[in-house]
Enquirer: 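Below you will find the structure I want to go over with you.
Per chain, numbering begins at 1; letters A, B, ... match sequence-line order. Just the heavy atoms: all of them, side chains too, but no hydrogens, waters or symmetry mates, feed the values below.
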Number of protein chains: 2
Amino acid sequence: MKNSYHHGNLRDTLLSKSIEILNDKGLKGLSVRAVAKLAGVSEAAPYSHFKNKDKLLEAIAIEGYEKLRQSLDEMTELTRFEMIERLAIGYVSFALENVQLFRLMFGRELAELTVSERHREASAMCYEPLSLEVSKLLDNKQSGLTVEAATTSTWSIVHGLSILLIDGKVPFPTDRQEQQHFIANRCHVITLALS
Amino acid sequence: MKNSYHHGNLRDTLLSKSIEILNDKGLKGLSVRAVAKLAGVSEAAPYSHFKNKDKLLEAIAIEGYEKLRQSLDEMTELTRFEMIERLAIGYVSFALENVQLFRLMFGRELAELTVSERHREASAMCYEPLSLEVSKLLDNKQSGLTVEAATTSTWSIVHGLSILLIDGKVPFPTDRQEQQHFIANRCHVITLALS
DNA sequence: ACACAAACTTAACACTGTTAAGATAGAATT
DNA sequence: AATTCTATCTTAACAGTGTTAAGTTTGTGT
């Protein structure tokens, strides 16, 4: 059953092999055929599990969103920064540590797709922690901003900074601690504005 | 000379036809062959003017950067907003009006390239107006931030908002005036933080 | 034991980027 | 004015891509 015609759980294998290729060859090297070959399966086998390449990419992205959400949740432990800034550090760090995956998640490839419900949901789960903290901040001190507006502002700066950094548009320190301060510092405007 | 073997200025034609395709078929539909066909020329002709597809894309992006800079310069006329917010409106509006081009300019395709000097320069020219206004703001009221940090913050929020909007991650009003207020409002945190 | 359906293979299609080799024609040189 | 030169373009080919149709295999339910 293992080494024969029916693979067993080819779907999961294809996903993990895809991420593998993504990390060391980039999205350009991620062809359906390459994934199939790496999974030790015929060229057309993936089409039994994904309608087309876009659906495969979407599935990878969904895994990415779940991973990002997990990273954000773990940021509660970091104590030296404001909560908003911790989330920012978590978000940007994820982008830096998963460049290719992050690009895929927010890149053109998927943006042009009509996203599935699961995709939309996984994406929204990453928005949630940010929104929660922003509304807490707004409750403390009153400033004519709506929660929605302030959250969008926060998400924008965090997301924008991520992209500028992974695209090398902005210089970035090498030391880990300096990096955290760099990110916190750039996102501090949010705390400043909402307090 | 016109209707014969030698085209005359094929390079420019290829660039404009590329943008044409980009706008109505998206980057996915932009193949070297398609551009060549639309320019009425053989499949391999483009390779006399661009070393490879990436170089063609880069040339398109450079035109994009120059266009973006021009848009930013024109934003001086808008008077009801703070200068920073006018620039933000210019930046985001450009992204919304040139979705495909904007995606190409900041997308993965070029980010993985070693950019040419001309590319870097054109890109930097878009950073400049933002940086200028931020330093003016910082001069007025003192707040421990460096010009570099504040500019990065500003660029991040403006760039991030652009991407979230063109990717449909955030709802956006349809009315033109409301759109401008929407953008200004989301980027107002910068003014708030630096004053 | 048999039928069924899901998972896989093989083979083919049209398309892609890219290159090598040759054709053309305008510019430079004699 | 004839000739060479060189950039520009064409034709033809290669390997690689996404995708589909048709057929094989195999575990599952009857």
Enquirer: Are the side chains of B:Leu27 and B:Arg103 in contact, using a 4.5 Å heavy-atom criterion?
Expert: no
Enquirer: To the nearest angstrom, how far is A:Lys37 atom NZ from D:dA15 atom C1'?
Expert: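 From A:Lys37 NZ to D:dA15 C1': 12 Å.
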Enquirer: Calculate the interatomic distance between B:Leu14 atom CG and D:dT8 atom C1'; express it in whole Å.
Expert: 12 Å
Enquirer: Think A:Arg186 forms a cation-pi with A:Phe182, using NZ or CZ under 6.0 Å from the six-ring centre and within 45 degrees of its axis?
Expert: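 Relative to the ring axis of A:Phe182, which defines the angle, A:Arg186 lies inside both limits.
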Enquirer: Where the side chain of A:Ser31 is defined as all heavy atoms beyond and including C-beta, which of C:dA20, D:dT19, D:dT17 is the nearest nucleotide?
Expert: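 Minimum distance to the A:Ser31 side chain belongs to D:dT17.
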Enquirer: What's the spacing between B:Asp54 CG and A:Lys28 NZ if we round to 0.5 Å?
Expert: 3.5 Å
Enquirer: OP1, OP2 of D:dT11 versus side-chain N and O of B:Ser42: anything below 4.0 Å?
Expert: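 Result: no.
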Enquirer: Rounded to whole angstroms, how far apart are NZ on B:Lys51 and P on C:dG17?
Expert: 17 Å
Enquirer: Between B:Lys67 and B:Glu97, does any side-chain N to carboxylate O distance fall below 4.0 Å?
Expert: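 B:Glu97 and B:Lys67: not salt-bridged.
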Enquirer: Has A:Ser48 got a side-chain N or O lying under 4.0 Å from the OP1 or OP2 atom of C:dC8?
Expert: no
Enquirer: For the pair made of CD in B:Glu43 and P in D:dA13, what is the distance, rounded to whole Å?
Expert: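 After rounding, the reported distance stands at 12 Å.
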Enquirer: For the pair made of NZ in A:Lys25 and C1' in D:dG16, what is the distance, rounded to whole Å?
Expert: 14 Å
Enquirer: Measure from the side chain of A:Tyr47, starting at C-beta and using heavy atoms only, and say which of C:dC8, D:dG18, D:dA12 lies closest.
Expert: D:dG18
Enquirer: Could you tell me how far apart A:Lys28 (NZ) and C:dT16 (P) are, to the nearest whole angstrom?
Expert: 16 Å
Enquirer: Walk me through it: do A:His188 and A:Phe81 pass the test ring-ring contact (aromatic ring centres under 6.0 Å, His included)?
Expert: CA-CA 10 Å; A:His188 188 57; A:Phe81 297 96; 10.0 Å; no
Enquirer: For A:Phe50 and D:dG18, what is the distance between atoms CZ and C1' respectively, to the nearest whole Å?
Expert: 15 Å
Enquirer: Look at the side chain of A:Arg33 against the base of D:dG16 and say whether a donor-acceptor pair falls under 3.5 Å; ignore hydrogens and angles.
Expert: no
Enquirer: Using a cut-off of strictly less than 4.0 Å, decide whether A:His49 has a side-chain nitrogen or oxygen near OP1 or OP2 of C:dC8.
Expert: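 Result: yes.
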Enquirer: I want to verify a distance call: between D:dC9, D:dT19, C:dT18, whose nearest atom is closest to the B:Leu10 side chain?
Expert: D:dC9
Enquirer: Rounded to whole Å, how long is the line connecting atom CG of B:Leu57 with atom C1' of C:dG17?
Expert: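 After rounding, the reported distance stands at 12 Å.
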Enquirer: 5'-most contact on DNA chain D: B:Ala45 or A:Asp54, nearest heavy atom basis?
Expert: B:Ala45
